[in-house]
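Reminder, nothing fancy here: chain letters follow the sequence lines and each chain counts from 1.
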Number of protein chains: 2
Amino acid sequence: MQALGTKRSRQREKIFQVLARTTSHPTAEWLYERVREQIPRISLGTVYRNLHILKDQGKIRELDFGEGLRRYDATIEQHYHFVCERCGRVRDLDITPLEDLHPRVQPHVPGTIRAHKLDFYGICTDCLVRE
Amino acid sequence: MQALGTKRSRQREKIFQVLARTTSHPTAEWLYERVREQIPRISLGTVYRNLHILKDQGKIRELDFGEGLRRYDATIEQHYHFVCERCGRVRDLDITPLEDLHPRVQPHVPGTIRAHKLDFYGICTDCLVRE
DNA sequence: ATACATGCAAATCATTTGCGCAGTC
DNA sequence: GACTGCGCAAATGATTTGCATGTAT
């Protein structure tokens, strides 16, 4: 018995490629539509299955901004996001992660900190201009 | 036509009371079970409807830790969380919110920052002891 | 009396899964 | 050939909604 995702598949490679080439933070549905343009018979279930495999392999990251659905990201390095509360668009922020955060917070936490997640919310310039 | 949530209701008051009296960050289902002990005929739909009303009134807060379901919190002041990746328990952290964060980050953001969300992930002491 | 709120059940939305066949190693 | 991956459709889980009836003001 082999581990999951040890064989290559056209579907998985294409899904990763599409994800890696966008700067948006797409949902499974969005990826499905894009990949479908090249592999018309692919199913949504396959997209979900492969997103899990890629995530387990550490090649992609799963995001959640409390919208009730998940988004995916091929940028796996730690980085922060800015979520526009008007249009919903999510942008990566070009800021170096706060190094000193864990040591500073650790004493106040009943456990061992492994990671943190930091998101900013507000209105993006595009939306501000539009009014 | 009146606004939503302008009339009092036994159900809504009880839901808020139960939520306000717990330090856990319960799901709608959990609240439903608790409230049901006192209002047996209440429906899950009513719980959801009232959680939305309370949220719109600013009396409670909706949380999301990427588990695929929502949690609720009667503590509306800005505060951070520590999520145990083993048992899933969410604890409030007693740390003053980072004041300097917005001004420091604002220059790097294509929009206006209104708020930020900061969560820590790791293993809680309870789980660490258990091994 | 009016219009918001409820209980119930059906609907919706995102995601997961069982199954038999296809593709990769 | 063995075992992973696929497409399809049905199942699941959380949340939402339509409707007739109940209830607060």
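The side chain of A:Arg49 approaches C:dC19 more closely than any other nucleotide in the set C:dT16, D:dT16, C:dC19. Residue B:Asn50 has its side chain nearest to C:dT6 when only C:dT6, D:dG7, C:dA14 are considered. Among the nucleotides D:dG7, C:dA5, C:dT16, the one closest to any side-chain atom of A:Thr46 is D:dG7. Comparing atom distances between the A:Lys7 side chain and each of D:dT15, D:dC8, D:dA2 picks out D:dA2 as nearest. Here the side chain of A:Thr6 is nearest to one of D:dT4, C:dC8, D:dA24, namely D:dT4. Minimum atom distance to the side chain of B:Gln11 is reached by C:dG7, of the listed C:dA14, C:dG7, D:dA14.
Regarding contacts with the backbone of C:dT6, a side-chain N or O of B:Ser9 is found under 4.0 angstrom from either OP1 or OP2. Side-chain nitrogen and oxygen atoms of B:Tyr48 include none within less than 4.0 Å of the OP1 or OP2 phosphate oxygen of D:dT16. Residue A:Arg8 places none of its side-chain N or O atoms closer than 4.0 Å to OP1 or OP2 of D:dG5. Checking the phosphate oxygens (OP1, OP2) of C:dA5, a side-chain nitrogen or oxygen of B:Arg12 falls inside 4.0 Å. The phosphate of C:dC8 has neither OP1 nor OP2 within less than 4.0 Å of any side-chain N or O from B:Ser43.
Residues A:His108 and B:Tyr80 have side chains that never bring a donor and an acceptor to within less than 3.5 angstrom of each other.
Mapping B:Ile39 and A:Arg70 onto DNA chain C by nearest heavy atom places B:Ile39 at the nucleotide closer to the 5' end.
Nucleic acid contact class of B:Thr27 (heavy atoms, under 4.0 Å, all strands): none.
Below 30°, between 30° and 60°, or above 60°: for A:Phe120 and B:His116 the angle between ring planes is between 30° and 60°, a tilted geometry. Under the 30°/60° scheme for interplanar angles, the aromatic rings of A:His81 and A:His79 are found to stand perpendicular.
Across the protein-nucleic acid pair, B:Lys14 atom NZ and C:dT6 atom P stand 14 Å apart, rounded to whole Å. At whole-Å resolution of the value, CG in B:Leu51 and P in C:dT6 are 11 Å apart. The distance from atom CG of B:Leu44 to atom P of D:dA14 is 10 Å, rounded to the nearest whole Å.
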